[in-house]
Number of protein chains: 2
Amino acid sequence: MRPTKRNELVQKALEAFYQNGFNATGMDTLVKETGISKTSMYKHFRTKEDLILAVLRLRDENFRNWMYRRMEELAKSPRDQLIAMFDALEEWFSEPGYKGCMFIKASSEFQDASHPIHKQSADHKRMLERYVTELATKAGLPEPDKLARQLLLLKEGAIVTAHLGHTENAAQDAKTAAITLLRLHAG
Amino acid sequence: MRPTKRNELVQKALEAFYQNGFNATGMDTLVKETGISKTSMYKHFRTKEDLILAVLRLRDENFRNWMYRRMEELAKSPRDQLIAMFDALEEWFSEPGYKGCMFIKASSEFQDASHPIHKQSADHKRMLERYVTELATKAGLPEPDKLARQLLLLKEGAIVTAHLGHTENAAQDAKTAAITLLRLHAG
DNA sequence: AACAAAGTGAACAGATCGGTAAACTTTGTT
DNA sequence: AACAAAGTTTACCGATCTGTTCACTTTGTT
């Protein structure tokens, strides 16, 4: 990504929105934190909503790239990569400043299913589902789509549980459950 | 709950916050939607935060009562009640106006783990965990706490997935996975 | 050197935010 | 009948919200 002012804005806005929330982060705050003039912001993005959509696009790209790469690095076979997803999650959860999933939070603040931000968040989850389903298919597992959906329920559950913070090792619990599901699933 | 103005306010505020979000719902909006004067509101609650905390207390009471009762109605044995939790979830998800879990959304808008609203949301999840753990214990299952945490990961995952709306029957997927986990768990 | 694109600062809208003040009315208790 | 608690209306406060306007400066290209 070329280091244009526009990209710099999106990058900095991502961090601010992630840490403080969308509605709670005003455009004036972004001016302060990015050092970019408000005039310039509104030249790149007609509305705050447009900026948020750009932020979510960047986040989708960053997150999926990171997650896919990490799964490949941690395991060779498709089957093991499915399990390695939860090791990757654990790494994510233990990062300082972890504050849950940006898309879940976006859908929490823009709740209407017809809202562009909500729809784009759902798209992100759909793309993850497609990837995991393909992995399950490559692994030769029966009913790969069903298995993928089950594993992803564990993933989403771990993400919000790790953020709520009432439990330790949500990622490990999810991994254990995933292994069980895979074992019974494959026979 | 006696139908005092205060309780009426909390009840109406619950609906407004649930449908529109916490930050996105101003006190003036509540004045319009409840018909209760702002002066009166601030006589009962010193700040908006206090009102939100009261709303979350009511929600916790309502939700846990409903869920526990529904689990008991749908199944007799503790083991079957664990599974019935996901049937109850399905009923919830299919209600008109379903917009996810109020506590997950609260923790999405008040992200700091030290924030009272965030802490109270975590408390809700903790109480649910205790209940499910007790059920698993009564069912005579080994490692009841571990199993409970796994089942609750499926629950949380189903809740956010049903709200994101990129998948059909999140509750059914979670139920299927829960049955698998229980089967392998009990041997 | 000249020119357009991109960026700047600062002031300004109009609406809404959470919260307060003062004077008045309703309601329930004794 | 008297009194206090609870509720009301109305106006207001300063801060902040998203978004705009205008006059000006920097920067890259040719």
Side-chain angles (χ1 to χ4, degrees), chain A residues 1-58 105-106 108-112 115-118 120, chain B residues 1-58 105-106 108-112 115-118 120:
Chain A
M1 199 174 63
R2 282 163 45 238
T4 65
K5 282 276 170 186
R6 182 196 156 107
N7 290 336
E8 185 187 340
L9 166 60
V10 177
Q11 176 63 47
K12 293 267 187 67
L14 193 158
E15 293 161 23
F17 285 142
Y18 183 69
Q19 288 299 323
N20 308 318
F22 297 97
N23 282 316
T25 305
M27 296 301 271
D28 292 301
T29 304
L30 292 181
V31 169
K32 278 178 208 144
E33 294 202 1
T34 64
I36 296 169
S37 68
K38 201 192 269 198
T39 320
S40 213
M41 289 183 180
Y42 278 96
K43 207 166 288 181
H44 287 303
F45 302 100
R46 277 179 44 262
T47 63
K48 185 185 183 183
E49 181 179 315
D50 283 352
L51 172 59
I52 293 177
L53 289 171
V55 163
L56 291 182
R57 268 189 294 275
L58 175 62
K105 295 192 292 186
S108 292
E109 295 204 51
F110 306 92
Q111 307 198 56
D112 196 338
H115 195 292
I117 293 178
H118 193 107
Q120 192 166 312
Chain B
M1 198 173 63
R2 284 162 46 235
T4 65
K5 283 277 170 184
R6 182 196 157 108
N7 290 336
E8 186 187 338
L9 165 60
V10 177
Q11 176 63 47
K12 292 268 187 65
L14 194 158
E15 292 162 23
F17 285 143
Y18 183 70
Q19 288 298 323
N20 307 318
F22 297 96
N23 283 316
T25 304
M27 297 302 271
D28 291 301
T29 304
L30 292 181
V31 169
K32 278 178 207 146
E33 294 202 2
T34 64
I36 296 168
S37 68
K38 202 194 267 196
T39 319
S40 213
M41 289 183 180
Y42 278 95
K43 206 166 288 182
H44 287 303
F45 302 99
R46 279 178 44 260
T47 63
K48 186 185 183 183
E49 182 179 315
D50 283 353
L51 172 58
I52 293 178
L53 288 171
V55 163
L56 291 181
R57 269 189 293 274
L58 175 62
K105 295 191 292 186
S108 292
E109 295 205 50
F110 306 92
Q111 307 197 58
D112 197 338
H115 195 292
I117 293 178
H118 193 106
Q120 192 165 313

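Source: prediction; values computed, not measured. Excluded from the calculations below are hydrogen atoms, water molecules and symmetry mates; all remaining heavy atoms, backbone and side chain alike, are included. Within every chain, numbering begins at 1; the chains are lettered A, B, ... in the order of the sequence lines, protein sequences first and strands thereafter.
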If you compare all heavy atoms of B/Phe110 against all heavy atoms of B/His118, which two are closest, and at what distance to 0.1 Å?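 Scanning both residues, the minimum pair turns out to be O-ND1, 2.9 Å.
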
Side chains of [X] and [Y]: does their closest heavy-atom pair fall under 4.5 Å?
X        : Y       : result
B/Leu56  : B/Phe22 : yes
A/Pro116 : A/Glu49 : yes
A/Asn7   : A/Leu58 : no

For the pair B/Phe45 and B/Arg6, evaluate side chain to side chain contact (heavy atoms under 4.5 Å, CB included) and give the outcome as yes or no after the intermediate values. CA-CA 9 Å; B/Phe45 302 99; B/Arg6 182 196 157 108; 3.6 Å; yes

Find the distance between CD (A/Gln120) and CZ (A/Arg57) and round it off to the nearest 0.5 Å.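 With rounding to 0.5 Å, CD (A/Gln120) is 5.0 Å from CZ (A/Arg57).
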
Hey, could you give me the CD1/CG distance between A/Ile117 and A/Asp112, rounded to the nearest 0.5 Å?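 The CD1 atom of A/Ile117 sits 11.5 Å away from the CG atom of A/Asp112.
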
Could you list the residues that satisfy side-chain hydrogen bond (donor to acceptor under 3.5 Å, both in side chains) with B/Glu15, not counting sequence neighbours?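 B/Glu15 satisfies side-chain hydrogen bond (donor to acceptor under 3.5 Å, both in side chains) with B/Gln11 once adjacent residues are dropped.
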
Spacing of B/Lys38 atom NZ relative to C/dG18 atom P, expressed in whole Å: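 Checked: the NZ to P distance equals 8 Å.
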
Could you list by number each residue of residues 40-55 of chain A showing a heavy-atom separation from DNA chain D of less than 4.0 Å, or answer none if no residue does?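 Under 4.0 Å from DNA chain D: A/Tyr42, A/Thr47, A/Lys48.
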
Do any of residues 21-32 of chain A sit with a heavy atom less than 4.0 Å from DNA chain C, and if so which?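 Residues of residues 21-32 of chain A under 4.0 Å from DNA chain C: none.
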
Which residues pass the ring-ring contact (aromatic ring centres under 6.0 Å, His included) test with A/His44, sequence neighbours left out?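 ring-ring contact (aromatic ring centres under 6.0 Å, His included) list for A/His44, sorted by chain: empty.
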
Tell me whether the side-chain N or O atoms of B/Thr4 pair up with the base of D/dA6 as donor and acceptor below 3.5 Å, since no angle test is needed here.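 Such a pair does not exist between side chain and base.
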
Can you find a donor-acceptor N/O pair under 3.5 angstrom joining the side chain of B/Thr39 to the base of D/dT9?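 Check passes, donor-acceptor contact within cut-off.
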
Identify every side-chain donor-acceptor pair in residues 25-32 of chain A under 3.5 Å, counting partners at least two apart or on other chains, and give the distances.
residue : atom : partner : partner atom : Å
A/Thr25 : OG1  : A/Gly21 : O            : 2.7
A/Asp28 : OD1  : A/Lys38 : NZ           : 3.0

Dot-bracket assigned to DNA chain D with the 3.5 Å Watson-Crick/G-U criterion, [ ] for crossing and | for other-strand pairs, is ||||||||||||||||||||||||||||||

